Amino acid sequence: MADEWERYLRQQVELGGAELVLSRPVGRSGGQSASPDAEPAESAEQVAEPERQISPPGDRPTVRPPDRLPAWKKGAPPIPGPGLAVESPEHHLLGDDLASLCTIEEVAERIRTTHCCGLCPHRINAVPGEGNPNARLVLVGEGPGATEDAQGRPFVGQAGTLLNGILEAIEVPRDSVYITNIIKCRPPQNRKPLPDEIAACIPYLHRQLEIIRPKVILALGSTAAEALLGVRKSLGELRGKVHTYNGIPLIVTYHPAALLRNPNWKKPTWDDVRIARQLLDR
């Protein structure tokens with residue numbers, strides 16, 4: 001199956017993007033309007049099985065020379081120019097004691113045992129984040145969805161399935177990265193977090209990034225990008241640049257949940273992710 005998946009990805013790259021085809025359209029139940037970056041509320045979609053490759057006729061299989069470039073790098077866009085450069089707030093300015101927390105697990109335990117805003121009392125589980133505490137790549141989304149709230153883990157719903165495929169396509173295993181969100185508790189009906197909720201929760205993210213000190217940050221969606229960069233700009237204005245957060249390259253792209261609703265954004269997302277992947281190799 002691994003060989004089939006590799007052939008499938010190479011074929012998709014040659015067609016202009018690593019297309020992950022959904023088995024059916026994604027709908028949304030009623031209720032309050034959800035954020036465009038939020039995890040869809042329905043059960044996880046199944047990503048379609050890649051088509052099986054049929055061997056050419058003949059007694060012997062065709063032997064092709066190994067590719068000089070990895071599949072994800074073929075046709076990858078060049079690394080763009082610089083964007084915004086920001087620094088995280090000093091802890092004394094935020095009035096917190098997070099600087100005393102020296103490990104990712106200590107931060108996670110503080111998140112699980114503390115109520116910092118009005119979302120916390122209504123959560124099933126806080127979702128601090130998960131992954132490699134020494135990750136070279138950190139992915140930051142908006143906030144937990146229903147599945148994440150139930151399991152206490154980030155990106156385990158529909159968007160998580162898609163994100164896993166994207167990471168596989170750039171040859172970066174999920175267990176090698178760290179994945180978290182701007183806020184750590186699910187908003188009602190997956191609505192966009194309110195400014196005061198973000199302000200109360202984002203110090204945890206600042207401390208997580210201070211501890212991990214990754215080589216590259218990938219902001220998934222406009223909420224994550226705006227919160228990290230401290231601006232109010234459209235996703236289109238923030239994409240296509242190499243921003244820096246405390247000197248760390250930061251790339252902005254679409255949230256995987258948005259791709260489930262609009263497949264036309266898959267190709268630009270694929271380009272953004274490959275820019276981030278190239279920065280990892282620098």
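Remember, predicted model here, so these are calculated numbers, not experimental data.
Using a 4.5 Å cut-off on side-chain heavy atoms (C-beta onward), Y204 and T114 make contact. Put simply, the side chain of L238 reaches to within 4.5 Å of the side chain of L84, judged on heavy atoms. Under the 4.5 Å side-chain criterion, counting only non-hydrogen atoms from C-beta, L280 is in contact with L137. In this structure the side chain of L220 reaches within 4.5 angstrom of the side chain of F155, judged on heavy atoms. Residues R282 and I79 are in side-chain contact: their nearest non-hydrogen atoms beyond the backbone lie under 4.5 Å apart. No side-chain heavy atom of L194 sits less than 4.5 Å from a side-chain heavy atom of L119. You'll find the side chain of Q208 reaches within 4.5 Å of the side chain of Y178, heavy atoms only. A heavy-atom distance below 4.5 Å is not found between the side chains of P249 and H243.
Looking at E197 and R191, a side-chain N of the basic residue comes within less than 4.0 Å of a carboxylate O on the acidic one, giving a salt bridge. In this structure, E105 does not pair ionically with R110, as no charged nitrogen and carboxylate oxygen lie closer than 4.0 Å.
Counting all heavy atoms, side chain and backbone alike, P268 lies closest to N264 at CD-O, 3.5 Å. Heavy atoms only, all atoms of each residue included: E171 and P70 are closest at OE2-CB, 3.8 Å. Nearest heavy-atom pair, A199 versus P203, reported as atom, atom and distance to 0.1 Å: O-CD, 3.4 Å.
None of V231, T244, L250, L229 except one satisfies the side chain to side chain contact (heavy atoms under 4.5 Å, CB included) rule with V86; the exception is L229. With T223 as reference, I198 is the one residue of I198, L235, I183 to meet the side chain to side chain contact (heavy atoms under 4.5 Å, CB included) rule.
N181 contributes a side-chain N or O that, together with a main-chain N or O of E142, makes up a donor-acceptor pair within less than 3.5 Å. Judged by distance alone, the side chain of R232 and the main-chain N or O of E226 form no donor-acceptor pair under 3.5 Å.
Following chains of ILVMFWY side-chain contacts shorter than 4.5 Å, one cannot reach V127 starting from I179, and the two form parts of different hydrophobic clusters.
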Item checked: Audit row: N246, H206, side-chain contact (heavy atoms from CB on, under 4.5 Å) steps and yes/no -> CA-CA 10 Å; N246 288 350; H206 290 315; over 6 Å; no

Next item on the list: Begin with the C-alpha distance, continue with both residues' side-chain angles, and end with the deciding distance and a verdict on side-chain contact (heavy atoms from CB on, under 4.5 Å) for W72 and Q278.
Entry: CA-CA 10 Å; W72 65 265; Q278 291 176 77; 3.8 Å; yes

Next item on the list: Tell me, with the steps shown, if L228 and V140 meet side-chain contact (heavy atoms from CB on, under 4.5 Å).
Entry: CA-CA 9 Å; L228 281 167; V140 181; 4.2 Å; yes

Next item on the list: Begin from the C-alpha positions of I182 and L205 and carry the test side-chain contact (heavy atoms from CB on, under 4.5 Å) through to its verdict.
Entry: CA-CA 6 Å; I182 294 295; L205 175 62; 3.5 Å; yes

Margin query: Applying side-chain hydrogen bond (donor to acceptor under 3.5 Å, both in side chains) to Q158 and T161, what does each step give before you reach the verdict?
Written below: CA-CA 5 Å; Q158 301 172 54; T161 300; over 6 Å; no

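Judged as a side-chain hydrogen bond (donor to acceptor under 3.5 Å, both in side chains), the pairs with a partner in residues 121-138 (not counting sequence neighbours) are, in order, E130-R153, E130-R174.
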